[in-house]
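Step one of this worksheet: look at the structure below.
These numbers come from the heavy atoms of this one structure, side chains and all, not from hydrogens, waters or symmetry mates.
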Amino acid sequence: MKFVRFLMKNSALANVPKHVDHFSKFSPSPLSIKQFLDFGSTNACEKTSFMFLRQELPVRLSNIMKEINLLPDRLLGTPSVQLVQSWYVQSLLDMLEFYDQNPDDLRVLSSFTDALITIRNRHNDVVPTMAQGVIEYKESYLEDSITRQNVQYFLDRFYMSRISIRMLINQHTLIFDGTTNPAHPKHIGSIDPDCEVVNVIRDAYETAKLLCDQYYMDSPALEVDQYNVNGSGPVHIVYVPSHLYHMLFELFKNAMRATVENHESSPSLPSIKVKVALGGEDVTVKMSDKGGGVSLSKIDRLFSYMYSTAPTPHLESSRGTPLAGFGYGLPISRLYAKYFQGDLQLYSMEGYGTDAVIYLKALSKDSVERLPVYNKSAWRHYQHSHGADDWCVPSSDPKNMAAHKIQQ
């Protein structure tokens with residue numbers, strides 16, 4: 001019997017490239033928060049969700065698996081990236097087991113939910129494991145600008161794909177597991193239809209404050225103001241609170257560390273000021289600190305996966321704080337903002353402080369998933385070398401023009 005299972009498993013693995021080629025020919029189907037909400041609150045049907053996900057999840061998995069194969073061979077060959085790739089292969093195979101099964105069979109629906117939970121748990125450590133692969137690559141080979149640009153391009157798309165897959169899995173498992181979350185009874189899956197932004201800000205601040213107090217024995221205070229175009233009430237939004245919390249927690253950690261370290265000799269710490277504004281199209285959250293700021297030349301590096309200056313962490317300890325040590329906090333936070341058509345930007349004044357601005361869509365119908373799709377344009381990005389810069393590069397040693405005399 002074991003031998004039969006061994007043969008079946010190897011047969012399934014041999015067919016993986018064919019399945020990936022097939023499903024990657026389809027583009028993912030982006031959903032809006034309104035669609036997530038409407039489905040989960042008014043006409044939630046487990047059979048409908050099952051039939052959508054058994055097609056959509058293989059499409060999303062296969063699209064990004066095609067791009068994994070386009071990574072430089074030396075990066076693709078690292079043990080950590082190989083491990084991540086094996087997780088994606090197994091998750092695709094898990095989904096394909098349900099492709100022809102009867103959606104009217106309750107046992108099939110139950111097994112499908114269990115399979116989704118298994119996939120979600122299997123992928124829990126994808127971010128730090130892929131980060132470890134980048135570290136393994138950097139430790140073994142000299143990086144070049146082309147590889148750096150391609151890895152940045154890939155990881156933005158890879159992690160965005162992961163956010164979207166977890167969103168789909170969470171919505172299905174939370175809505176159809178037969179229970180209600182007692183802490184959030186009004187949530188539709190992971191979505192809060194009446195999310196009070198200031199409450200999430202205060203929650204993220206308190207958690208970051210706890211860490212700051214433990215490490216520095218002090219922390220800056222918080223000042224919050226909000227402006228509502230619709231009146232004087234608090235700002236509410238239909239959103240995924242865990243996504244907003246993730247962004248804010250990362251920004252608070254950075255602002256607190258910069259503030260404390262920049263005012264070591266001061267008798268008191270300046271507050272971190274947060275302003276929330278609800279307009280007709282956007283909800284904007286601006287966090288301002290007096291932590292000394294960052295020079296313009298370093299701003300882009302803060303969002304780069306290849307420029308982390310943190311000491312090499314151990315995967316076992318990566319759960320202490322989100323993405324601790326990998327330097328991935330800001331780039332991943334920006335992806336959470338962009339996932340539903342928002343953004344995260346930093347505006348810094350070196351010598352003074354930094355403003356971090358989160359932009360979110362005010363209307364749930366405008367909050368549509370931003371999904372990577374594998375196509376010729378994506379393929380060409382990995383194949384073509386980037387041309388030389390068509391602007392002069394400043395030199396610290398100017399040419400000696402006296403050595404270039406005009407011939408009479």
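Other residues, nucleotides and ligands contribute at most 12 non-hydrogen atoms within 6.0 Å of the OH atom of Tyr215. The environment of Arg370 atom CZ is sparse: at most 12 non-hydrogen atoms of other residues, nucleotides or ligands sit within 6.0 angstrom. The 12-atom threshold is not exceeded at NZ of Lys290, counting heavy atoms of other residues, nucleotides or ligands nearer than 6.0 Å. Summarising the local packing, CD of Gln345 is surrounded by more than 12 heavy atoms from other residues, nucleotides or ligands at distances under 6.0 Å.
At least one side-chain heavy atom of Val127 sits less than 4.5 Å from a side-chain heavy atom of Tyr328. Taking 4.5 Å as the limit, every side-chain heavy atom of Val235 sits out of range of all side-chain heavy atoms of Val198. The side-chain heavy atoms of Tyr339 and Leu371, taken from C-beta on, include a pair separated by under 4.5 Å. Counting heavy atoms from C-beta on, the side chains of His19 and Leu96 come closer than 4.5 Å. Taking 4.5 Å as the limit, some side-chain heavy atom of Met65 sits within range of a side-chain heavy atom of Val89. Taking the side chain as every heavy atom from C-beta outward, Asp125 and Val84 never approach each other to under 4.5 Å. Counting only heavy atoms from C-beta outward, the side chains of Lys275 and Ser288 never approach each other to under 4.5 Å. Contact of the Asp213 side chain with the Ser219 side chain is registered, since non-hydrogen atoms from C-beta on lie closer than 4.5 Å.
Between Tyr245 and Phe249, the ring planes are parallel. Angles under 30° get that label, and only those over 60° would be called perpendicular. Aromatic ring pairs are classed by plane angle as parallel below 30°, tilted from 30° to 60° and perpendicular above 60°; the pair Phe158 and Phe154 is parallel. Ring geometry for Tyr88 versus His123: interplanar angle over 60°, hence perpendicular rather than tilted (30 to 60°).
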side-chain contact (heavy atoms from CB on, under 4.5 Å) assessment of Tyr205 paired with Leu248: CA-CA 8 Å; Tyr205 168 79; Leu248 290 164; over 6 Å; no
Please walk me through it: do Asn150 and Leu70 pass side-chain contact (heavy atoms from CB on, under 4.5 Å)? CA-CA 9 Å; Asn150 284 343; Leu70 296 177; over 6 Å; no
One pair to check against side-chain contact (heavy atoms from CB on, under 4.5 Å): Leu346 and Leu302. What are the steps and the verdict? CA-CA 9 Å; Leu346 296 183; Leu302 298 178; 3.7 Å; yes
Ring pair (Phe, Tyr, Trp, His ring centres under 6.0 Å), that's the test. Do Phe23 and Tyr99 meet it? Break it down for me. CA-CA 12 Å; Phe23 285 103; Tyr99 202 68; 5.6 Å; yes
Are Tyr239 and Leu360 close enough, and set up right, to give a side-chain contact (heavy atoms from CB on, under 4.5 Å), and what steps lead you there? CA-CA 9 Å; Tyr239 205 69; Leu360 308 173; 3.4 Å; yes
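In terms of modelled atom types and a separation under 3.5 Å, the side chain of Ser333 and the main chain of Gly329 share a donor-acceptor contact. Formation of a donor-acceptor pair under 3.5 Å by the Asn63 side chain with backbone atoms of Val373 is not found in this model. Between the Asn375 side chain and the Ala378 main chain, a donor and an acceptor come within less than 3.5 Å of each other. Under the 3.5 Å distance criterion, the side-chain polar atoms of Lys138 are matched with a main-chain donor or acceptor of Met306. Under the 3.5 Å distance criterion, the side-chain polar atoms of Thr207 are matched with a main-chain donor or acceptor of Asp203. In this structure a side-chain-to-backbone donor-acceptor pair under 3.5 Å is missing from Asp282 to Thr284. Judged purely by atom type and a 3.5 angstrom limit, Ser140 uses its side chain to pair as donor or acceptor with the backbone of Glu136. At distances below 3.5 Å, at least one donor-acceptor pair connects side-chain atoms of Ser164 with backbone N or O atoms of Ser161. Panel note: side chain Gln101, backbone Glu97; a donor-acceptor pair is recorded below 3.5 Å. Using modelled atom types, one side-chain atom of Asn170 and one backbone atom of Arg166 make a donor-acceptor pair closer than 3.5 Å.
Lys25 has no carboxylate O lying under 4.0 Å from a charged side-chain N of Asp21, or vice versa, which leaves the two without a salt bridge. Ion pairing between a basic and an acidic side chain is recognised when a charged N comes within 4.0 Å of a carboxylate O; Asp289 and Lys273 show no such pairing. Salt-bridge formation is not detected for the pair Arg202/Glu206: no Lys NZ or Arg NE/NH1/NH2 atom is positioned less than 4.0 Å from an Asp or Glu carboxylate oxygen.
Here Met167 contributes atom CE and Tyr336 contributes atom OH; the two are 11.0 Å apart, rounded to the nearest 0.5 Å. Atom CD1 of Ile119 sits about 9.0 Å away from atom CD1 of Ile165, to the nearest 0.5 Å. Taking CZ from Phe98 and CG from Leu57, the interatomic distance works out to 11.5 Å, rounded to the nearest 0.5 Å. We find the CG-NZ distance between Asp343 and Lys338 to be 5.0 Å, quoted to the nearest 0.5 Å. With rounding to the nearest 0.5 angstrom, the CG atom of Asp366 is 12.5 Å from the CZ atom of Phe340. Taking CD1 from Ile201 and CG from Leu244, the interatomic distance works out to 7.0 Å, rounded to the nearest 0.5 Å.
Contact record, Pro241 with Val200: O-CG1, 4.0 Å, taken as the closest heavy-atom pair. Closest of all the heavy-atom pairs between Asp218 and Cys212 is O-SG, 3.2 Å. The nearest pair of heavy atoms linking Ile299 to Val294 is CD1-CB, 4.2 Å. Scanning all heavy atoms of the two residues, the minimum distance from Leu269 to His263 falls at CD2-CB, 3.8 Å. Closest approach of Pro220 to Ile272, counting heavy atoms only: CG-CD1, 3.7 Å. The shortest heavy-atom contact between Glu56 and Arg60 is OE2-NE, 2.7 Å.
Judged by distance alone, the side chains of Arg120 and Thr173 do bring a donor and an acceptor atom under 3.5 Å apart. In this structure, a donor-acceptor pair under 3.5 Å is absent between the side chains of Gln341 and Tyr359. With 3.5 Å as the limit, one finds no donor-acceptor pair spanning the side chains of Ser62 and Ser24. For the residue pair Ser295/Glu350, the side-chain donor-acceptor check at 3.5 Å is not satisfied. The closest side-chain donor-acceptor pair between Ser32 and Glu369, if any, does not fall under 3.5 angstrom.
Two rings, from His172 and Phe50, have their centers 6.0 Å or more apart. Between Tyr159 and Tyr305, the distance separating the two ring centers is shorter than 6.0 angstrom. Taking the six-membered ring for Trp and the full ring otherwise, the centers of Phe39 and Phe52 sit at least 6.0 Å from each other. The aromatic ring centroids of Tyr382 and Tyr153 lie less than 6.0 Å from each other.
The cationic group of Arg74 does not satisfy the cation-pi geometry with Tyr137, failing either the under 6.0 Å distance to the six-membered ring centre or the 45° limit from the ring axis.
With Lys286 as the partner, the side chain to side chain contact (heavy atoms under 4.5 Å, CB included) test is satisfied by one option alone out of Asp225, Val357, Val276: Val357.
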